[in-house]
Amino acid sequence: MKRTRALTISLWGVALILVGVLIGVVVTAIGPVNALDRGWMALMVEARVDPMVAVGRFFDWLGGGWRATLLVPGIVVAALALLRRPWGIAFFASSALLSVILVQLLKSIFARARPEDMLVVSDFGSFPSGHAANAATVMVVLIVLLRNPVMTIIGVVWIIAMAWSRTYLGAHWLTDTIAGIAIGTGAALVMLGVFSAQLEKENDARHPATV
């Protein structure tokens, strides 16, 4: 039963990744910019105010560069090490690596141009959003490992806020962020299926059942 459950979880992850890829196929087939993306971007540009732009820039700063590749992963790994979760670290590291590989591969395949109303400097390749994918991967991993309702709320809010910030700053189209969330979540679920048995044993060891 446990093996079947683990396989099911991984298959859900694969399904989400395929959803992300399908979004890329559809938006590419429609054309450079579809009505949904154009309408959402117009709404974001019209709604720009300095305080919210500052919030968006914070998410841009934290979710990119060395902060995303070194600082945030380092904090997560250190926290899991303090909690004595070696399998948790393996789960996090493999999920993050898979997410990055998928994002970079799809950026190369689809080579979608970024919006013209950008307020930040980014590399080429709008689809999918690496910031959104990374946020989804990290938060899904933490939600799974910590099993805390507060962490679940924080994680969901953080993912949505990161996705919003990418469109608010004009760094991505809406469909880029939706696909990024699907791919980042999918990567975490694929690896959750792979490590589910070890993670359950690790969790049971930390919280032994009492009679």
Side-chain angles (χ1 to χ4, degrees), residues 6-28 59-81 85-114 120-145 155 158-160 162-163 165-167 171-199:
L7 178 60
T8 300
I9 293 172
S10 286
L11 288 177
W12 273 108
V14 171
L16 281 174
I17 292 170
L18 291 177
V19 166
V21 174
L22 180 60
I23 292 173
V25 172
V26 171
V27 297
T28 301
F59 279 97
D60 175 68
W61 176 84
L62 188 61
W66 63 269
R67 283 81 56 191
T69 57
L70 295 176
L71 178 62
V72 173
I75 292 174
V76 173
V77 169
L80 293 176
R85 301 293 302 267
W87 284 112
I89 294 174
F91 168 43
F92 168 69
S94 59
S95 298
L97 180 60
L98 177 58
S99 182
V100 169
I101 291 174
L102 289 171
V103 167
Q104 294 305 315
L105 177 62
L106 293 176
K107 279 181 179 289
S108 298
I109 292 174
F110 291 105
R112 190 183 194 187
R114 291 183 183 269
V120 293
V121 177
S122 296
D123 58 357
F124 181 77
S126 187
F127 184 94
S129 168
H131 280 66
N134 182 59
T137 301
V138 172
M139 290 303 164
V140 169
V141 168
L142 293 178
I143 289 170
V144 168
L145 293 179
W158 185 267
I159 293 169
I160 294 173
M162 182 63 78
S165 72
R166 304 313 288 158
T167 59
H172 284 284
W173 303 105
L174 177 62
T175 49
D176 298 338
T177 62
I178 295 173
I181 292 173
I183 292 165
T185 301
L189 291 182
V190 167
M191 300 317 299
L192 174 59
V194 172
F195 289 100
S196 61
Q198 293 87 346
L199 292 173

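Numbering starts at 1 and runs along the sequence shown. Side-chain atoms are counted along with the backbone in the values below, which use heavy atoms only and exclude waters and symmetry mates.
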*Starting from the C-alpha separation in whole Å, work towards a yes-or-no answer on salt bridge (Lys or Arg N to Asp or Glu O under 4.0 Å) for R112 and D176.*
CA-CA 9 Å; R112 190 183 194 187; D176 298 338; 2.8 Å; yes

Exercise. Could you go step by step and tell me if H131 and S122 meet the side chain to side chain contact (heavy atoms under 4.5 Å, CB included) rule?
Worked result: CA-CA 11 Å; H131 280 66; S122 296; 5.9 Å; no

First locate atom [atom1] of [X], then atom [atom2] of [Y], and finally report the distance between them rounded to the nearest 0.5 Å.
X: S129; Y: K107; atom1: OG; atom2: NZ; result: 6.5 Å
X: I181; Y: M139; atom1: CD1; atom2: CE; result: 12.5 Å
X: L62; Y: M162; atom1: CG; atom2: CE; result: 6.0 Å
X: L105; Y: I183; atom1: CG; atom2: CD1; result: 9.5 Å
X: L80; Y: L145; atom1: CG; atom2: CG; result: 6.0 Å
X: T177; Y: I160; atom1: OG1; atom2: CD1; result: 11.0 Å

[X] and [Y]: which non-hydrogen atoms are nearest, and at how many Å?
X: F91; Y: A188; value: CE1-O, 3.3 Å
X: F124; Y: A111; value: CZ-O, 3.3 Å
X: F110; Y: V21; value: CZ-O, 3.7 Å
X: L102; Y: A187; value: CD1-CB, 4.5 Å
X: S165; Y: F59; value: OG-CB, 3.4 Å
X: S126; Y: A113; value: CB-O, 3.5 Å

Side chain proximity check, L199 to L192, heavy atoms < 4.5 angstrom: yes

Within the 4.5 Å heavy-atom criterion, are W61 and R67 side-chain neighbours or not? yes

- Kindly check if the number of other-residue, nucleotide or ligand heavy atoms within 6.0 Å of CH2 (W158) is above 12? yes

Are the side chain of S10 and the backbone N or O of L7 linked by a donor-acceptor pair below 3.5 Å? no

Note to self: Tell me whether S99 contacts the main-chain N or O of A96 through its side chain, where contact means a donor paired with an acceptor under 3.5 Å.
What the structure shows: no

Query raised in the report: Are the aromatic rings of W173 and F127 close, with centres under 6.0 Å apart?
Result: no

Notebook entry, point to check: What's the verdict on side chain to side chain contact (heavy atoms under 4.5 Å, CB included) for T137 and F92, showing C-alpha distance, side-chain angles and the deciding distance?
Noted result: CA-CA 8 Å; T137 301; F92 168 69; 5.8 Å; no

Checklist line | Audit row: V19, L22, side chain to side chain contact (heavy atoms under 4.5 Å, CB included) steps and yes/no | finding: CA-CA 5 Å; V19 166; L22 180 60; 5.6 Å; no

The side-chain contact (heavy atoms from CB on, under 4.5 Å) partner of I23 among V27, V25, V26 is V27

